[in-house]
There are 2 protein chains.
Amino acid sequence: MLNDPMVLTPIADAPQAEPEKRIRDRGATEKAILAAAKVLLAEEGFQNFGINAVARKAGCDKQLIYRYYGGLNGLVDAIGADLGTWVKDRIPEDTGGMFLLTYGDLMERLSLLFLQALRDDPLMRRIVAWEVSENTEQVRRLSEARSKALATWLERMRGSLAPPKGVDPVAVNAILIAAIQHIVLSASAGGQCAGLALKTPKDWEKAEAALKRIVRGIYG
Amino acid sequence: MLNDPMVLTPIADAPQAEPEKRIRDRGATEKAILAAAKVLLAEEGFQNFGINAVARKAGCDKQLIYRYYGGLNGLVDAIGADLGTWVKDRIPEDTGGMFLLTYGDLMERLSLLFLQALRDDPLMRRIVAWEVSENTEQVRRLSEARSKALATWLERMRGSLAPPKGVDPVAVNAILIAAIQHIVLSASAGGQCAGLALKTPKDWEKAEAALKRIVRGIYG
DNA sequence: TCTTGTTGTCACTCATCGGTGAGTAACAAC
DNA sequence: GTTGTTACTCACCGATGAGTGACAACAAGA
């Protein structure tokens, strides 16, 4: 009587009333694990991201993560593969009632869209933060998937507009993207960035206005 | 014979030939601990930053960290206090043979100086990465010290130049700083940022040129 | 029914973490 | 010497991490 079922009283945060007889369904379990991993990473960050934590969150045994994903690396790969769907969700059908006639129009709009998308996506934020904090195998894989998704997104949005002569669009855009990413990360972590408060919508309007000015300053 | 001294063979990275009879000097020990903590944080990042690791690196018992610094929090505070010296080391005597007549001149120069300073300072980089990755007590303390040091630095460099009308210098400068920080972090972690390679001096020249153009685009 | 493969659970090892309490070695005052 | 203080080390605790091997429950084919 070592494992008397009565002893397994429901824990506080476990699904209570439901004994939740786990049905034998590998596909569903795999999905549950992947979903749990994404939620965990988004909510807790990469600090507490591990086999045990994911298994706890998914409500299954960690052994299944090894079996189905070959460990944490495989699971991270799966998250990365899942990131491809990010693009589809972020392409608005219209251009916000704006005619994108110039490269400056385009970049202004893209900047604000990217800013908003990052602000709305905790998982993506955590991944970006992870990227600049470590250089492990896991991060590299995830990072590659993310940059590919980002590139695809930019590609689709750009259309056929060409950047003005005399500027290095790759370098300039890299700096713009860097700025947006860091602003959002700083805001998310501490509510401010380099003395600029980033909490209220009002604060964000200021940041967006400054971002627009910067984009217009360089692309006209 | 549980603790046969012969078993305690010197580890690979420990001071070998020197038995290094630790002399009883509290001040020196405190300094050694602080130095070890800074080096550890700079080299390994905040992931493996803990009492045990610092004690190992300092070559003393972790108990001393509790005694002298009241634990890891106190030690982090000490690192933060030490950050104040950052300012003095980063103020060049001349202006690089350049007359800073306008706010644009100033900001161009400051941007490049800050970029270079961050590139040269692994500890500062780790702290920035830490700031955007976590929001714990330790980070908040360190972050405050860093932002204060940065503000002081900017203050001293600015002199009496006033920003042009029509722009929000706080917001714009926050974005510029964010961009610089993220670019450097990305480069340090993965050697690139948003498709822009950041390894060779040539790569960095491109980035600096783009940064200059952005600054000039907004501040003239 | 018996067998075989899949799905899920459990129990364990080993390493490392933060933290603590007890004990030892150097030194100063007497 | 003896005594007391300071600087330092050691051995341990409970908790938690990754990872593994054995086993129970079940399903479907023979």
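Naming: A, B, ... by sequence-line order, numbering from 1 per chain.
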D/dG17 phosphate, OP1 or OP2, under 4.0 Å from A/R56 side-chain N/O: yes

Among the nucleotides C/dT20, D/dA18, C/dC10, which one has an atom lying closest to any side-chain atom of A/I51? D/dA18

Donor-acceptor pair between B/W130 and B/E134 side chains, under 3.5 angstrom: yes

Rounded distance (Å) that lies between atom P of C/dT7 and atom OH of A/Y69: 13 Å

Where A/E43 and A/R126 come nearest, the two heavy atoms and their spacing: O-NH2, 3.1 Å

Given that A/R67 and A/G50 both sit by DNA chain D, which one's nearest nucleotide is further toward the 5' end? A/G50

Can you tell me if the side-chain N/O atoms of A/Y66 get under 4.0 Å from OP1 or OP2 in D/dA18? no

Let me know the distance between CG of B/L75 and P of C/dG19, rounded to the nearest Å. 12 Å

Gap between atoms CD1 and P, on A/I23 and D/dA27 respectively (whole Å): 11 Å

Please give, in whole Å, the distance from D/dA18 C1' to B/N48 CG? 15 Å

So, is A/T29 close to the C/dT7 phosphate, meaning a side-chain N or O under 4.0 Å from OP1 or OP2? no

N/O (side chain, B/Y68) to phosphate O (OP1/OP2, D/dA7) under 4.0 Å: no

Rounded to the Å, how far apart are A/L64 CG and C/dT6 P? 14 Å

Nearest nucleotide by nearest heavy atom, which residue falls closer to the 5' end of DNA chain D, A/Q63 or A/F49? A/F49

Closest to the B/D61 side chain: D/dA18, C/dG18, D/dC10? D/dC10

Between C/dT6 atom P and A/D25 atom CG, what is the distance in whole Å? 15 Å

Quickly work out the B/N52 CG to C/dG18 P distance and round it to whole Å. 5 Å

Output yes when B/R140 and B/E137 qualify as a salt bridge under the 4.0 Å nitrogen-oxygen rule, no when they do not. yes

For A/Y69 and A/E30, indicate whether the former's side chain and the latter's backbone hold a donor-acceptor pair under 3.5 Å. yes

Relative to the ring of B/F114, is the ring of B/W153 parallel (under 30°), tilted (30 to 60°) or perpendicular (over 60°)? tilted

To the nearest Å, how far apart are B/Q47 CD and C/dC17 P? 13 Å

With a 3.5 Å cut-off and just heavy-atom distances, do the side chain of B/R24 and the base of D/dC8 make a donor-acceptor pair? no

